[in-house]
2 protein chains.
Amino acid sequence: MIGLPGRPGPAVIMGRHDDGPARGNVMAGTAPPTPPVAAALPEVGRRERKKLATRAAVRDAALRLAVRHGVENITVEQIATEADIALRTFFNHYSSKEEAVVAAAAAGAEALVVEFRARPAAESVLQALREAVLVVMDRHDAAGRDHLRALRLMRESPSLMPQQMAVLTAQEQALARAVADRVGPPAVEGGPTSIYPQLCAAAALAALRVVLDRWLGHATDPDDAPPLAVLRREVDEALAHLATGLDTVAGT
Amino acid sequence: MIGLPGRPGPAVIMGRHDDGPARGNVMAGTAPPTPPVAAALPEVGRRERKKLATRAAVRDAALRLAVRHGVENITVEQIATEADIALRTFFNHYSSKEEAVVAAAAAGAEALVVEFRARPAAESVLQALREAVLVVMDRHDAAGRDHLRALRLMRESPSLMPQQMAVLTAQEQALARAVADRVGPPAVEGGPTSIYPQLCAAAALAALRVVLDRWLGHATDPDDAPPLAVLRREVDEALAHLATGLDTVAGT
DNA sequence: CCACGAGGATGCACGTCGTGCATTGATGCA
DNA sequence: TGCATCAATGCACGACGTGCATCCTCGTGG
């Protein structure tokens, strides 16, 4: 998800196909089936590739500067310069620096939904979700230190929180649909849709958000990640709570 | 492909207790605002009261204009004029029009936490939460049409979503603390804090958000609220799901 | 091979945002 | 009554975000 190329050059191309800046909030785009690791298909011409490259350059430049100087202390102009584009062009891709910074992280949430859908139908909803989380976690674990720094940036920048939540809710909708597809169509066609998919997706993502937040908070030293094993355990614990019910009375 | 005021969109419980001078009508001596639950505050002098009044005036003016013209189509200057204050003064209270508009809603979420804390310890966490929700719901039901319009505004204004989520997460923290207090201190002093409070608070608020969102979505006609009974039922259903566990396998 | 249409990158102008700084007037206090 | 405080204001200014016209590159049909 995060990718921090050393130079503003052509970066990894990852999904995100929508045109036009998203006024005020984030994309809820359904990128064409672009599995986690995308391969350049002849589908896109040089033109499209250049556009994507520019987009990626902007995104990475934004993240790089934000990690180094803090989101509050950088201007869109600086990002544009770093990405070697005109100021005006920046707004052709993102409508604010916050959106650009968070965009780099959005892929993570998208990947989760993709992996979830890929799980066999035999698994229960929360089981499938757990496995999907593990897959995404492992993959991102390889991203290393830069990736961790980016996560901390997200966690500790108040001004990014809104954008993050926006991404999260967008993915919540996607996950809700995935859950609905998994449990099958409602008994009655056209009948009142069950609240279950939305509820489950919302609760699950909220749980994962809490877990990740706690995990990032555990670390006493910056750049020092608590063992991944801890994260796994807490994910399991949280999902287990959801699965078995989380009501409690005083003294328990 | 995103900025359209469409289906997805969170909402927040909101209430509008107006204390301050409401444009063109009574502006009594401004008796100390009457928060959800009485609070004796003999401490406030005229100075503080005036400040609060100004704040309320700004908040209400923002909400009123936003409901009438849409958040996107109003400027801070208009709000300031409507509230009869200088432009600069606006920023002494809120840092953006979105914040001002949503501020009116924040009280709702705060009230929920307050009511939750007021529930007897004998009730389980989710029971207490349910009762608290009902209390807040009933109280706000009396607010009538304007209140409903405000809720719809929140739901359908993409640019407000970030601020709403900010309010929501703030209350999530407060609720998490309340839950922690309710279930009692951890067995081991200073030991690793349980994830339960945060998890529970996050899941519960996420559930309530989904329920409210669905409820607002049910209505086919604007200004026409689905019966409150439906809301109650869905709240119960959602919390019941959380209480008994929400795992499921295909075909269930 | 070339002219032409589509679309991305830019430059420019402009209105709105949000903040720092200095000033004023009402308020609270000794 | 004299003084300290603080909300409200006015002013200046840099950053933001968008509409519009233009230039240039890529993709295509002739």
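If you measure from atom CZ of B:F91 to atom P of D:dG10, you get 14 Å, rounded to the nearest angstrom. Between B:I74 atom CD1 and C:dC17 atom C1' there is a gap of 14 Å when expressed in whole angstrom units. Rounded to whole Å, the distance from OH on A:Y94 to P on D:dG17 is 15 Å. Put simply, CZ on A:F90 is 16 Å from P on C:dG11, counting in whole angstrom units. B:E72 has its CD atom 14 Å from the C1' atom of C:dC17, to the nearest Å. Distance A:R49 CZ to D:dT25 C1': 13 Å, rounded to the nearest Å. In this entry the distance linking CG of A:L87 with P of D:dT18 reads 12 Å, nearest Å. Atoms CZ (A:R46) and C1' (D:dC24) sit 14 Å apart, rounded to a whole Å.
The side chain of B:R88 lies closest to C:dC21 when the candidates are C:dG11, C:dC21, C:dA9. Side-chain atoms of A:V76 lie closest to D:dG17 of the nucleotides D:dG17, D:dC26, D:dC6. Here C:dC17 is the nucleotide among D:dA15, C:dC17, D:dC6 with the atom lying nearest to any side-chain atom of B:K97. Of the candidates C:dC17, D:dT9, C:dG11, the closest approach to any side-chain atom of B:N92 belongs to D:dT9.
Map B:K51 and A:E77 each onto its nearest nucleotide of DNA chain D; the residue landing nearer the 5' end is B:K51. Each of B:S96 and B:E48 lies near DNA chain C, and the nucleotide nearest B:S96 is the one positioned closer to the 5' end.
Considering only residues two or more places apart in sequence or on other chains, A:R88 meets the side-chain hydrogen bond (donor to acceptor under 3.5 Å, both in side chains) condition with A:N92. For B:Q198, there are no side-chain hydrogen bond (donor to acceptor under 3.5 Å, both in side chains) partners two or more places apart in sequence or in a different chain.
Between C:dG8 and A:T89, no contact under 4.0 Å exists linking OP1 or OP2 to a side-chain N or O. At the phosphate of D:dA7, neither OP1 nor OP2 sits under 4.0 Å from any side-chain N or O atom of B:K50. Residue A:H93 places no side-chain N or O under 4.0 Å from the OP1 or OP2 atom of C:dG8. Contact between the side-chain N/O atoms of A:S95 and the OP1/OP2 oxygens of D:dG17 is not found at any separation under 4.0 Å.
Between the A:T89 side chain and the A:I85 main chain, no donor and acceptor come within less than 3.5 Å of each other. In terms of modelled atom types and a separation under 3.5 Å, the side chain of A:S157 and the main chain of A:M154 share no donor-acceptor contact.
The pair A:E99-A:R59 fails the salt-bridge criterion, with no side-chain N (NZ, NE, NH1 or NH2) lying under 4.0 Å from an Asp/Glu carboxylate O. Between B:D146 and B:R64 there is no salt bridge, since no side-chain N of the basic residue sits under 4.0 Å from a carboxylate O of the acidic one.
Taking each heavy atom of A:Q163 and A:V102 in turn, the nearest pair found is CB-CG2, 3.7 Å.
Nucleic acid contact class of B:I85 (heavy atoms, under 4.0 Å, all strands): sugar-phosphate only. Using a 4.0 Å heavy-atom cutoff across all strands shown, B:R47 reaches at least one base atom of the nucleic acid.
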### Task
Take A:R209 and A:E172, measure what salt bridge (Lys or Arg N to Asp or Glu O under 4.0 Å) needs, and give me the verdict at the end.
CA-CA 12 Å; A:R209 174 171 53 78; A:E172 183 177 306; over 6 Å; no
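Between its opening and closing five pairs, the helix from C:dC1-D:dG30 to C:dA30-D:dT1 changes axis direction by 20°, a value rounded to 10 degrees.
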